[in-house]
Structure formats: C-alpha cells, structure tokens
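Residue numbering restarts at 1 for every chain, and letters A, B, ... go by the order of the sequence lines.
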Amino acid sequence: MRGVPRRSVFDTLKQRGFVSQCSNEEGLRKLLDTEKVTFYIGFDPTAESLHVGHLQQLMFMAHLQRAGHRPIALVGGGTTRIGDPTGRTESRKILPVETIAANAELFRGQIARFLDFTEGRALMLDNAEWLAPLNYIEFLRDIGKHFSVNRMLSFETYKMRLETGLSFIEFNYQILQSYDYLVLYRTHGCRLQMGGDDQWGNIVAGMDLIRRVEGVEAFALTSPLVTRSDGKKMGKTEQGALFLDPAMTGPYEFYQYWVNVPDADVEQFLFRFTFLPVPEIRDLCAVKDQRINDAKRRLAMEITTLVHGEPAARGAAEASRAAFSASDEGTAAGPGALSGVPSIEVPREELVKGIGVVDLFVRSTLCATKSDARRLVSQGGASVGRKNVTDIETVVTESDAENGVILLRAGKKRYFRIIVT
RNA sequence: GGGGAGAUUCCCGAGUGGUCAAAGGGGGCAGACUGUAAAUCUGUUGGCUAAGCCUUCGAAGGUUCAAAUCCUUCUCUCCCCA
C-alpha cells in the first residue's frame with residue numbers, strides 16, 4: 001500500500017463531513033489504518049447522467065483511494081431492473097432493459113473520470129453480470145433463507161411503503177443489494193460498502209448476509225445526505241437535477257449553481273466537493289457579508305474544474321464575471337469574454353426584419369412558452385443588451401447587437417446570447 | 001374471490017351539473033430589499049393569432065342546452081374480509 005497516511009483516513013472523512021453512520025467505527029478505523037481495503041459504492045443508472053448526489057459519493061471514494069485503498073464502482077445494471085424503493089413514497093417506473101444498459105454505459109464513462117483506474121487501482125463492475133443470470137429457486141434456497149421478512153418489515157423504508165403500497169419486486173431490492181455485497185466479498189475481498197444515509201438499511205443487510213454466510217465481519221459506512229440550509233433540494237435547478245453531463249447541464253450553468261449557493265452551505269460544500277485542504281477551507285469561509293462570495297467563486301471553480309475540466313471552468317468563470325459586471329458597469333468585458341454563456345445563432349437577415357422580444361426569449365430557451373415570455377416582459381424581468389424591456393410588442397433588431405451579439409437577460413441572473421451570423 | 005374508498009392543474013389538496021382554467025398551501029418565476037446569499041414583502045403561475053378562442057380534472061363511451069361534477073365500461077391504487 002502506497003503512502004501510508006500519517007493520520008487516519010477515517011479522521012479525514014469525518015472532518016470533511018462524510019461520516020454519518022458506521023457499523024463498527026473502531027474496527028473500521030483499524031482496518032483502514034493497517035490494510036489495503038477494497039470497498040464499494042453502487043450507482044443505479046436510472047438516468048442518462050450522474051448528478052451531484054453521485055458526485056458526493058465519488059468524492060467519498062476518491063478520498064479513500066488517495067489513502068491507498070481500492071474502490072469498486074458498481075454500476076447497478078441489474079438492480080435498476082428492480083428499482084430501489086428506498087426513500088420513495090411511490091414505486092419507481094420500471095425502465096426498459098435497453099435503457100438501463102445504455103445508461104449504464106454512460107455512467108461508466110463518467111465515473112472513469114473521478115477515480116484512478118490505472119493498474120487495477122480501482123475496479124468498475126456491473127451487477128447485471130451476476131444478477132441477470134440468477135436462478136430463482138437456487139437463489140431463494142441459498143440467499144433468501146437468510147432473510148427474515150419480519151426483520152425486513154421493520155426497516156423504515158418498508159414501513160413507509162407499507163402505507164402507500166409496495167410491490168413484491170421492490171421488496172426484493174434489498175436482498176439483491178445484499179447479494180451484491182456478498183459477491184464482491186467473495187470475488188474481490190470487498191469488506192466495506194459505503195453510500196448515502198438512505199442506503200444504511202440496504203448496506204447493513206448485506207453486511208449481515210456476509211457474516212451469516214461467510215462468518216466474516218464486513219463494514220457499513222454512510223455519509224449524510226447533502227442538504228441545503230434553505231431547504232431546497234440539493235443539486236436541483238429549475239430545470240431539474242444538476243447533471244454532470246455537459247450536454248445536460250452546461251459548465252456555465254453548473255458553475256452558476258455553486259456561485260449561488262446559500263452562505264451557510266459554502267463550507268460544507270467545499271469540504272465535500274473539493275480536495276482543498278481543511279485549513280484553507282476554514283480560511284476561505286472565515287469571512288462574512290459579500291466577501292463570502294470569494295469562497296463561493298472558489299467553490300464553483302474547483303468543482304467545475306473537477307467535473308468539466310479547467311478550460312471549461314475558466315470559461316464559465318470568465319463568462320460569469322463578464323455577464324455580471326456588464327450589467328452594472330457597462331462594457332467592461334471584451335468580445336470573447338461571454339463565450340461561456342449559453343447561446344444560439346440567428347441569421348442577420350432575420351434581425352434586419354426584426355424579431356419580437358417574446359419570440360426571441362422563447363427561442364433563447366430563457367422562456368418556455370410565449371405566455372411565459374409575456375409575463376417576464378410585463379413584470380419587468382427582461383433585458384435586451386443593457387436596456388430593460390417592458391413592452392411585449394418591442395421588436396429586437398440588428399441595432400441591438402453589440403459586437404455581433406445580443407445579450408438577453410431574464411430576471412437578475414439568467415443570461416443568454418444571440419449570436420448574429 | 002367478496003366488500004369499501006379513491007385517481008383533480010408541477011406537488012399536496014378543495015371542488016358533487018352552469019358563477020371552474022378550477023379554492024388554499026407548497027414549489028417555480030418575476031419585482032422590491034441585498035452581496036449573483038438568506039429571510040421578508042408584493043405580483044404571477046395551462047396554451048394561443050389574447051376582444052376572444054383552444055386543451056386540461058385516470059381512459060373510452062353516454063345523458064344534457066351545459067359535465068371535474070350524472071350514467072356505463074375499462075385501467076390503476078389503497079383499505080377491510082376470505
């Protein structure tokens with residue numbers, strides 16, 4: 001094991017806010033300090049991209065890997081066919097197998113960026129590999145017999161669902177996840193499963209299974225679910241989740257999300273979503289008032305770099321600065337500065353004739369419908385260039401362009417560029 | 001298998017023949033205040049060629065001048081009994 005840490009990784013994790021529940025803290029700490037441990041986290045490919053919730057788990061893994069341990073990123077191509085009922089009041093829509101396979105492929109591509117997979121330092125597996133070919137009768141005899149329905153019903157997840165309804169397929173989810181853990185123990189010596197707090201029940205069930213079947217102690221470790229101090233769902237934008245795929249959530253939008261985080265959350269996010277050293281984070285967050293914005297910009301820059309790479313992050317930062325200073329101080333920024341701001345191209349001829357503001361805002365995607373655009377304009381939330389526009393009959397023409405670009409603004413912070421071609 | 005309850009707009013949830021594009025709350029958006037923060041207050045929140053018209057109250061039919069509301073069948077969910 002390379003680079004035996006001077007201090008326990010466990011303390012690092014704790015300090016950075018990754019530790020919530022642990023099955024045996026002393027035992028796990030000792031194990032992590034003395035052995036190279038193989039551990040895993042599962043990711044169910046229920047969408048086309050990972051989102052920031054997954055990012056926290058990837059950071060969780062990355063810290064352990066940096067301490068010399070071996071992560072297994074488990075893509076749940078098999079479990080997703082069942083659907084995890086955890087934390088849901090209604091059953092998940094069952095996805096077609098082909099969709100799951102396609103999503104799994106996309107997940108693998110994204111996960112690969114966050115861990116070091118060279119020379120077997122990390123593994124990427126898909127549980128469809130062993131779950132899909134399972135034989136029902138055999139499985140029941142070998143694995144099912146270790147599960148007590150009485151005990152399962154006592155789990156919070158199931159209790160909750162017993163009120164609204166729970167189908168048998170979902171009831172089996174926990175058993176399959178437990179089986180995953182057992183398989184990974186057998187095939188790769190995996191002895192630690194991590195996840196978000198919501199996964200506690202599932203993880204513990206797997207740990208128990210390993211103890212019963214193999215007589216070995218395995219470990220469970222969960223991290224707190226990230227919440228925002230304002231009660232908004234973490235990583236949710238107006239558009240939906242904050243995805244890691246740049247085609248779904250652009251780097252500029254991604255950067256903006258972090259710059260706009262509530263003051264009270266900056267520190268916890270720096271701890272969990274960046275690798276900045278603890279003292280540096282404390283310094284950054286020691287300030288109050290608008291000075292805390294520096295910490296937010298740092299946070300946004302770090303995470304965006306991590307997820308989209310440095311050039312994209314710099315572009316997003318530059319564009320943000322240009323957009324937000326342009327509105328106060330006039331043309332502070334050069335022509336290329338805004339290039340990170342989302343845009344569409346519109347032919348010059350169209351603008352010679354002129355386009356109604358309402359239509360232009362709809363085309364820009366700043367507004368979903370014309371009614372939406374009308375409301376925005378009449379409520380005084382729309383700007384073209386540096387002019388606030390309040391008349392829905394306003395026609396935008398070429399003369400509104402500056403350096404071949406018309407900058408639209410909806411509300412105080414949503415910008416969009418119309419590029420004249 | 002028998003009996004009961006239910007499915008309403010993004011979510012929760014009122015609404016039992018016209019006064020319903022549908023109360024109220026949440027969320028969203030916008031304005032004021034600010035620091036691209038929070039809290040607070042205000043406005044707004046189906047679509048459109050905006051007077052007016054069109055689509056929406058699980059699905060399909062039917063009754064009626066008129067249906068979210070009444071009838072029939074269907075789908076799904078929950079509860080109780082077996």
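- When the C1' atom of G35(B) is taken as reference, atom CZ of Arg321(A) falls 17 Å away, rounded to whole Å.
- Between Lys413(A) atom NZ and A37(B) atom C1' there is a gap of 8 Å when expressed in whole angstrom units.
- When both distances must be under 3.5 Å, the Watson-Crick or G-U wobble mate of C10(B) is G26(B).
- Remark: P of C29(B) and CG of Asp372(A) are 11 Å apart, rounded to the nearest angstrom.
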**Message:** Quick one, Tyr173(A) with Asp44(A), criterion side chain to side chain donor-acceptor pair (under 3.5 Å). Give me CA distance, side-chain angles, the key distance, then yes/no.
**Reply:** CA-CA 12 Å; Tyr173(A) 187 89; Asp44(A) 275 1; 2.5 Å; yes
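- With distances taken from any side-chain atom of Asp289(A) to the nucleotides U34(B), U36(B), G35(B), the minimum falls on G35(B).
- Side-chain contact check for Gln21(A) and Asp197(A): at least one donor-acceptor pair (N or O, by modelled atom type) lies under 3.5 Å.
- Contacts of Ser371(A) with the nucleic acid, taken as non-hydrogen atoms under 4.0 Å apart, include base atoms.
- Out of G47(B), U36(B), A32(B), the shortest distance to the side chain of Lys412(A) is found at A32(B).
- Judged by distance alone with a 3.5 Å cut-off, no donor-acceptor contact links the side chain of Gln379(A) to the base of G31(B).
- Using a 4.0 Å heavy-atom distance criterion, Ala382(A) is classed as making no nucleic acid contact.
- For the pair Asn260(A) CG and A39(B) P, the interatomic distance rounds to 13 Å; values are reported in whole Å.
- Using C1' as the reference atom, C80(B) and A39(B) are 48 Å apart when rounded to the nearest Å.
- Nearest-nucleotide positions on RNA chain B place Val259(A) closer to the 5' end than the other of Arg375(A) and Val259(A).
- Comparing the same atom, C1', in G26(B) and in U44(B) gives a spacing of 15 Å after rounding to whole Å.
- Base engagement by Ser320(A) is indicated by at least one non-hydrogen atom pair under 4.0 Å involving a base atom.
- Side-chain N/O atoms of Lys370(A) include one lying less than 4.0 angstrom from OP1 or OP2 on U49(B).
- Between Glu310(A) and Arg314(A), at least one side-chain nitrogen of the basic residue sits less than 4.0 Å from a carboxylate oxygen of the acidic one, meeting the salt-bridge criterion.
- A cation-pi arrangement is absent between Arg212(A) and Phe147(A) under the rule of less than 6.0 angstrom and at most 45 degrees off the ring axis.
- Arg121(A) and Thr118(A) are linked by a side-chain donor-acceptor pair at a separation below 3.5 angstrom, with hydrogens and angles left out of the test.
- Distances shorter than 4.0 Å separate none of the side-chain N or O atoms of Arg297(A) from OP1 or OP2 on G35(B).
- Across all strands shown, A67(B) forms no Watson-Crick or G-U wobble pair with both distances under 3.5 Å.
- For Phe361(A) and C29(B), the CZ to C1' distance is 14 Å, given to the nearest whole Å.
- As rounded to the nearest Å, G28(B) and C12(B) have C1' atoms that lie 15 Å from one another.
- If you check U77(B) for Watson-Crick or wobble pairing at under 3.5 angstrom, you find it paired to A5(B).
- Residue Lys296(A) has no polar side-chain atom (N or O) positioned under 4.0 Å from OP1 or OP2 of A38(B).
- Atom name C1', nucleotides C79(B) and A30(B): the rounded distance is 45 Å, in whole Å.
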**Pair Arg108(A)-Glu105(A), salt bridge (charged side-chain N to carboxylate O under 4.0 Å, His left out): steps then yes or no** = CA-CA 5 Å; Arg108(A) 277 190 285 273; Glu105(A) 190 54 44; 2.9 Å; yes
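- If you measure from atom CG of Asp359(A) to atom P of U49(B), you get 8 Å, rounded to the nearest angstrom.
- Checking C53(B) for Watson-Crick or G-U wobble geometry (two distances, each under 3.5 Å) identifies G47(B) as its partner.
- Contact annotation: Arg414(A) side-chain N/O to A30(B) OP1/OP2 distance is under 4.0 Å.
- A donor and an acceptor atom, one from each side chain of Gln199(A) and Gln193(A), are nowhere located under 3.5 Å apart.
- Using P as the reference atom, A21(B) and A82(B) are 48 Å apart when rounded to the nearest Å.
- Taking atom OH of Tyr252(A) as the reference point, atom P of U36(B) lies 13 Å away to the nearest angstrom.
- Spacing between U63(B) and A67(B) at atom C1', rounded to whole Å, works out to 10 Å.
- In this entry the distance linking CZ of Phe324(A) with P of A37(B) reads 9 Å, nearest Å.
- Taking the C1' atom of each, U55(B) and U8(B) are spaced 15 Å apart, rounded to whole Å.
- Of the P atoms belonging to G17(B) and C81(B), the separation is 35 Å, rounded to the nearest Å.
- With both pairing distances under 3.5 Å, C41(B) is matched to G31(B) as a Watson-Crick or G-U wobble pair.
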